[in-house]
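What follows is a short report on a single structure.
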Amino acid sequence: MSVRLQVVETPEDAARAAAEELVEAARAGGHIALSGGSTPKRAYELAAELQPDWSAATVWWGDERCVAPDDARSNYRLAREALLDRLTGTPAIRRVEVERGCEEAADLYDSWLQGETLDLALLGLGADGHTASLFPESPALGELGRRVVAGLPGLPPYVDRVTLTIAALRDASRIVYLVTGSEKADVAARAFAGPPDPQTPASLVRSDRGETIAILDRAAAASL
Ligand code: 6PG
């Protein structure tokens, strides 16, 4: 399955394009999986400005770090500060409850996701080719039976993770990668224009139901 590339000039343009994706899904009352890392912060802020009423939507996370929800490394905290706290109409929130412990949180999230279809999964791309918390060589890559697993990261921050599996992400109706910066150019080429390769987990994550797009700024698209 191929990826449609949407190349824009600047990181701000990329954030706006991702925000528009989020807003469209929120207005439609979609089930939306958010990503962590630093790249989506601006997209979340813009999405809250463009559409402050998310009351029809349900928000999930593609992955979470096993830290307290108010820890600076928490993906939930990032989304809360940049998006959720800025909304006038709050969505249903399906947070990964990592304070239960990573394994139990993964089991619970797996049970919540059974029978659900994500309308939109927003994903990032790590320098080593990971997406969500699906790292190169991770046993999570081979997981077929579950939609959510606990695992270890291959890059900092070195805290345990809970992640949706490839199967769960492929089941999303729309997958949107948001990637910016020249330091991501080579890995973006491997992820979006190379063959499927477990060394670059993002190359394995494509929507089986609908479209997969990659929003890149000019710098991140330089090797594509
Ligand atoms: C996480 C993520 C992860 C992230 C990439 C890119 O919890 O770390 O969800 O998959 O999207 O590592 O992160 P940056 O945007 O910080 O480069």
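Counting starts at 1 for both ligands and their atoms, following the listed order.
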Can you list the atoms of ligand 1 that are under 4.0 Å from a heavy atom of [X]?
X      : result
Thr39  : 14 (P), 15 (O), 17 (O)
Arg161 : 1 (C), 7 (O), 8 (O)
Gly124 : 11 (O)
Ala132 : 2 (C), 3 (C), 10 (O)

Quick check, are the ring centers of Trp61 and Tyr109 under 6.0 angstrom apart? no

Who's the nearest protein heavy-atom neighbour of [atom], and how far?
atom                    : value
atom 13 (O) of ligand 1 : Gly37 CA, 3.7 Å
atom 16 (O) of ligand 1 : Ser38 N, 2.7 Å
atom 4 (C) of ligand 1  : Gly36 O, 4.0 Å
atom 2 (C) of ligand 1  : Asp63 OD2, 3.3 Å
atom 5 (C) of ligand 1  : His130 NE2, 3.5 Å
atom 8 (O) of ligand 1  : Arg65 NH2, 2.9 Å
atom 6 (C) of ligand 1  : Leu125 O, 3.5 Å
atom 17 (O) of ligand 1 : Lys184 NZ, 2.7 Å

What's the separation between atom [atom1] in [X] and atom [atom2] in [Y], rounded to the nearest 0.5 Å?
X      : Y      : atom1 : atom2 : answer
Leu122 : Leu178 : CG    : CG    : 6.0 Å
Glu12  : Asp217 : CD    : CG    : 11.5 Å
Asp186 : Ser223 : CG    : OG    : 4.0 Å
Ile175 : Arg209 : CD1   : CZ    : 11.0 Å

